Amino acid sequence: MSENFEPTNIIVTGGCGFIGSNFVHYVVNNHPDVCVAVLDKLTYAGNPENIAGLPADRVELVVGDICDAALLDELVPGHDAIVHYAAESHNDNSIDDPTPFLRTNVEGTFCLLQAARKFGVRYHHVSTDEVYGDLALDDPARFTEETPYRPSSPYSSTKAASDHLVRAWHRTFGVRATISNCSNNYGPYQHVEKFIPRQITNILDGVRPKLYGDGRNVRDWIHTDDHSSAVWTILTKGEMGETYLIGADGERSNIDVLRAILTRLGKPADDFDWVRDRPGHDRRYAIDSTKLRRELGWEPKHTDFSEGLDQTIAWYTENRAWWEPVKAATEARYKAQGQ
Ligand code: NAD
Ligand code: TDX
C-alpha cells in the first residue's frame, strides 16, 4: 500500500546544484503550499544563482555541510521531509581524488539518516543507476530494482554505499525512507564539467569538443524536469522502504549526442577531438522504470530528446554569464588529465 504524504516544509540538500535546483524550481512552480529550505555547502558545483529570484517566503538558503550534525539538530526539527540530492557527483573527479566522495556521499548520508531518525522525519534518497555497474552494448537487458549492485567507479561505489545505509536505517530503526535511482539527466544549470554542457560550451567558445574512448558508450538520457516530477511522486506516494528506478527510455551513444550538438550549432559532425578514455569507463546504462510507472502512475513528459537538446543549447547560449566564470578552470583540470 502506498502512503499518501502531503509535506509542507521540506529540506532539499544540494539545492544549489544542477538537479537539486531544478527540483526546487519544480516544487515552487507546481506545489504552492510547500516551503523549501535548501541546505547546500556551495562547493565548486553549487551556485546560489540557480535558485535566485524564487520567492523568499517559500525558499530559504542555509549554507552548510550535510556532515555537520549540530547544524542538522537545529535545522531538521519543524520540517517534515528531507530530500537528499547533495553529493560529489562527477566520475572523473572521483578518479582524480576520491576523498570528498567518501565524506559527502557516505558520511553525509549517515548524518542525514541519523537526523531523520532522531526527529522522525520522512527521508528520500536520490541515487543513480550507476550503482548497478554497466551493461554490454548488445545486452537486451535493462536495469531493474532487482539488479545486483556492481558499481565501477569511486563515485558510484560511494553512492552504492549510501543506498545500503538507507535500507539499513529503514529496516533497523524504522526511518521512513525511499530511494530512487535515476539515469543521466540533462537540462539547464548543469555544471560545464558534464558531457552535454561541456560540449555545448566548448563549441560556443570556439573549442573542439572532446570524446572519450571510441564514443560508443551509451547513456540513458532524461530531462531533469522529469526526474523532479518522479522524485515528487515517490516522496508523496511511494511505499516506505521501497526503491524506484527513474528513466525515460532515452538510450543514445555519446557520439550520436555529440554529432547532434555539433550539427545544431552549425558545425560539421566530425569537428571534435578523440581524447584519452576514462579509466573503468562504464559501457552502457539502461533503465526499466516499469515499477514507478505501474505502481505510482508516473510518466515522463519530455520524451522528445531533440526538443530537449534544442532548449538546453538555447539555455547555454543565452546564459554565458552563468558558465563563463567556471569554464576556464574546468577545462584546465581536464587538460591536466589528458582529456
Ligand atoms: P551537482 O554536483 O550539480 O550538485 C551537488 C550539490 O551538492 C552542489 O550544490 C554542492 O554544493 C552540494 N554539496 C556537495 N557536497 C555537499 C555537502 N557536504 N554538504 C552540503 N551540500 C553539498 O550534482 P547533480 O548532478 O545535481 O546531482 C545531484 C544528485 O543526483 C546526486 O546525489 C547524484 O548522485 C544524483 N544523480 C545525478 C545524475 C546526473 O545525471 N547528474 C543522475 C542520477 C542521480
Ligand atoms: O568530455 C567528455 N567526453 C566524454 O566522452 C565528458 C565530460 C564525458 N564523456 C563521456 C563519459 C560518459 O560516457 O560522456 C558520458 C557522460 O559523461 P558524464 O556527463 O561525466 O556522466 P556519467 O559519467 O555518465 O555520470 C552522470 O550520470 C549519472 C552523472 O555525472 C552522475 O552524477 C550520475 O550519477
Side-chain angles (χ1 to χ4, degrees), residues 12-23 38-48 50-51 61-68 71-72 83-95 100-101 103-105 107-109 111-112 125-131 134 151-153 155-156 158-159 162-163 180-187 189-199 202 209-222 224 227 231 245-247 252-255 257-258 272-278 280-285 287 330-331 334 337 339:
V12 175
T13 71
C16 291
F18 162 46
I19 306 178
S21 65
N22 276 288
F23 180 72
V38 169
L39 173 59
D40 199 299
K41 189 179 171 182
L42 301 182
T43 67
Y44 80 95
N47 186 345
N50 298 6
I51 54 167
L61 171 59
V62 178
V63 178
D65 193 328
I66 56 169
C67 299
D68 183 345
L71 171 64
L72 295 178
V83 186
H84 178 33
Y85 285 92
E88 286 292 336
S89 68
H90 192 38
N91 275 299
D92 292 319
N93 294 346
S94 80
I95 295 164
F101 290 74
R103 186 162 191 279
T104 288
N105 299 0
E107 187 185 336
T109 297
C111 292
L112 290 168
H125 188 70
V126 177
S127 191
T128 171
D129 58 359
E130 297 192 20
V131 301
D134 62 355
S152 322
S153 76
Y155 161 69
S156 55
T158 59
K159 292 297 291 187
S162 69
D163 292 8
S180 55
N181 299 79
C182 187
S183 60
N184 280 63
N185 283 219
Y186 73 99
Y189 302 109
Q190 187 168 30
H191 196 281
V192 293
E193 68 189 357
K194 303 290 184 351
F195 180 61
I196 288 181
R198 184 182 184 205
Q199 313 313 345
N202 272 349
K210 315 289 178 208
L211 194 58
Y212 296 173
D214 64 3
R216 293 177 64 221
N217 303 62
V218 167
R219 296 296 182 263
D220 189 352
W221 294 100
I222 181 171
T224 189
H227 188 182
V231 167
L245 265 53
I246 305 172
R252 276 177 180 76
S253 69
N254 292 341
I255 194 163
V257 173
L258 179 54
F272 63 85
D273 294 329
W274 298 100
V275 293
R276 187 176 74 89
D277 203 0
R278 172 184 287 171
H281 196 177
D282 281 339
R283 199 58 168 154
R284 169 176 161 245
Y285 304 137
I287 289 265
T330 305
E331 286 306 311
Y334 274 126
Q337 291 166 193
Q339 292 176 321

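In listed order, ligands and their atoms are each counted from 1. What you see is a predicted model, and the numbers here were worked out from it, not measured in a lab. In this chain, numbering begins with 1 at the start of the sequence shown.
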Look at atom 15 (N) of ligand 1 and find which of Thr104, Val38, Leu42 reaches it with the closest heavy atom. Thr104
Any luck finding a side-chain donor-acceptor pair between Asn181 and Asp163 under 3.5 Å? yes
For a salt bridge (charged side-chain N to carboxylate O under 4.0 Å, His left out) check, start with the C-alpha distance between Asp134 and Arg219, then their side-chain angles and the critical distance, and finish with the verdict. CA-CA 10 Å; Asp134 62 355; Arg219 296 296 182 263; over 6 Å; no
Could you tell me whether Thr43 and ligand 1 have an N or O pair separated by under 3.5 Å? yes
Whether Phe23 and Tyr85 hold their rings parallel, tilted or perpendicular, with breakpoints at 30° and 60°: tilted
Contacting atoms of ligand 1, where contact means under 4.0 angstrom from a heavy atom of Ser127: 43 (C), 44 (C)
Thr104 side chain to Phe101 main-chain N or O, any donor-acceptor pair under 3.5 Å? no
When you compare ligand 1 with Tyr85, is there at least one nitrogen or oxygen pair between them that comes in under 3.5 angstrom? yes
Consider only side-chain N and O atoms of Thr158 and Asn105, and report whether a donor and an acceptor are under 3.5 Å apart. yes
For Gly108, state whether at least one heavy atom is located under 4.0 Å from any atom of ligand 1. no
Using heavy atoms and a 4.0 Å limit, tell me yes or no: is Tyr189 in contact with ligand 1? no
List, for ligand 2, each N/O atom that has a protein N/O partner under 3.5 Å away, with both atom names and the distance.
from, atom 1, to, atom 2, distance (Å)
ligand 2, 1 (O), Arg198, NH1, 2.7
ligand 2, 1 (O), Gln199, NE2, 3.1
ligand 2, 1 (O), Lys210, O, 3.4
ligand 2, 3 (N), Lys210, O, 2.9
ligand 2, 5 (O), Tyr212, N, 2.9
ligand 2, 13 (O), Arg219, NH2, 3.1
ligand 2, 13 (O), Asn254, ND2, 2.9
ligand 2, 13 (O), His281, NE2, 2.7
ligand 2, 14 (O), Asn254, ND2, 3.3
ligand 2, 19 (O), Phe195, N, 2.9
ligand 2, 20 (O), Arg278, NH2, 2.9
ligand 2, 23 (O), Asn91, ND2, 2.9
ligand 2, 23 (O), Arg278, NH1, 2.6
ligand 2, 24 (O), Asn184, ND2, 3.0
ligand 2, 24 (O), Arg219, NE, 2.7
ligand 2, 25 (O), Glu130, OE2, 2.8
ligand 2, 27 (O), Glu130, OE2, 3.4
ligand 2, 27 (O), Asn184, OD1, 3.3
ligand 2, 27 (O), Asn184, ND2, 3.2
ligand 2, 30 (O), Ser89, O, 3.3
ligand 2, 32 (O), Ser89, O, 2.8
ligand 2, 32 (O), Tyr155, OH, 3.0
ligand 2, 34 (O), Thr128, OG1, 2.7
ligand 2, 34 (O), Tyr155, OH, 2.5

Using only atom types and a distance under 3.5 Å, with no angle test, would you say the side chain of Asp40 pairs donor to acceptor with the backbone of Leu42? yes
Who's closest to atom 9 (O) of ligand 1 heavy-atom-wise, of Ile246, Asp40, Ile19? Asp40
Are Tyr334 and Asn202 linked by a side-chain donor-acceptor pair shorter than 3.5 Å? no
Give the ring-plane orientation class for Phe195 versus Trp221, where under 30° counts as parallel, over 60° as perpendicular and anything between as tilted. parallel
Run the salt-bridge test on Glu88 and Arg103 with the 4.0 Å N-O cut-off and return the result as yes or no. no
Can you name the atoms of ligand 1, numbered from 1 with element, that are less than 4.0 Å from a heavy atom of Asp65? 17 (C), 18 (N), 19 (N)
To the nearest 0.1 Å, how far is atom 4 (O) of ligand 1 from its closest protein heavy atom, and which atom is that? Gly17 CA, 3.4 Å
Considering heavy atoms of the protein only, find what lies nearest to atom 30 (O) of ligand 1 and give residue, atom and distance to 0.1 Å. Val126 CG1, 3.6 Å
Hey, does the side chain of Lys41 reach the backbone of Gly46 with a donor-acceptor pair shorter than 3.5 angstrom? no
Which of the numbered atoms in ligand 1 are under 4.0 angstrom from any heavy atom belonging to Ser89? 1 (P), 2 (O), 23 (O), 25 (O)
Return a yes/no value for Asn185: is any of its N or O atoms, backbone included, closer than 3.5 angstrom to an N or O of ligand 1? yes
For Lys41, the atoms of ligand 1 under 4.0 Å from one of its heavy atoms are 16 (C), 17 (C), 18 (N), 19 (N), 20 (C), 21 (N), 22 (C)
Give a yes-or-no answer on whether the side chains of Gln337 and Asp92 include a donor-acceptor pair shorter than 3.5 Å. no
Using only heavy-atom distances, determine whether the side chains of Ser152 and Asp282 contain a donor-acceptor pair under 3.5 Å. yes
Judged by heavy atoms only, the candidate from Asn47, Leu39, Ile66, Asn105 nearest atom 19 (N) of ligand 1 is Ile66
Tell me: protein heavy atom nearest atom 3 (O) of ligand 1, and distance? Phe18 N, 3.1 Å
Pair Asn91, Glu130: side-chain N/O donor-acceptor within cut-off below 3.5 Å: yes
Can you tell me if Asp277 uses its side chain to pair, donor with acceptor, with the backbone of Tyr212 under 3.5 Å? no
In ligand 1, which numbered atoms sit nearer than 4.0 Å to a non-hydrogen atom of Lys159? 31 (C), 32 (O), 33 (C), 34 (O)
Nearest heavy atom to atom 5 (C) of ligand 1: which of Gly64, Gly14, Ala87 does it belong to? Ala87
If we number the atoms of ligand 1 from 1 as shown, the ones under 4.0 Å from a heavy atom of Ser183 are 42 (C), 43 (C)
Show the atoms of ligand 1 that are less than 4.0 angstrom away from any heavy atom in Tyr155. 33 (C), 34 (O)
Residue and atom name of the nearest protein heavy atom (relative to atom 43 (C) of ligand 1), distance in Å to one decimal: Cys182 O, 3.3 Å
Quick one: does Ser127's side chain have a donor or acceptor within less than 3.5 Å of a partner on Ser180's backbone? no
Give a yes or no answer on whether the side chain of Asn22 reaches the backbone of Thr224 with a donor-acceptor pair at less than 3.5 Å. no
Number the atoms of ligand 1 from 1 as they appear, then name those within less than 4.0 Å of a heavy atom of Asn184, with their elements. 40 (O)
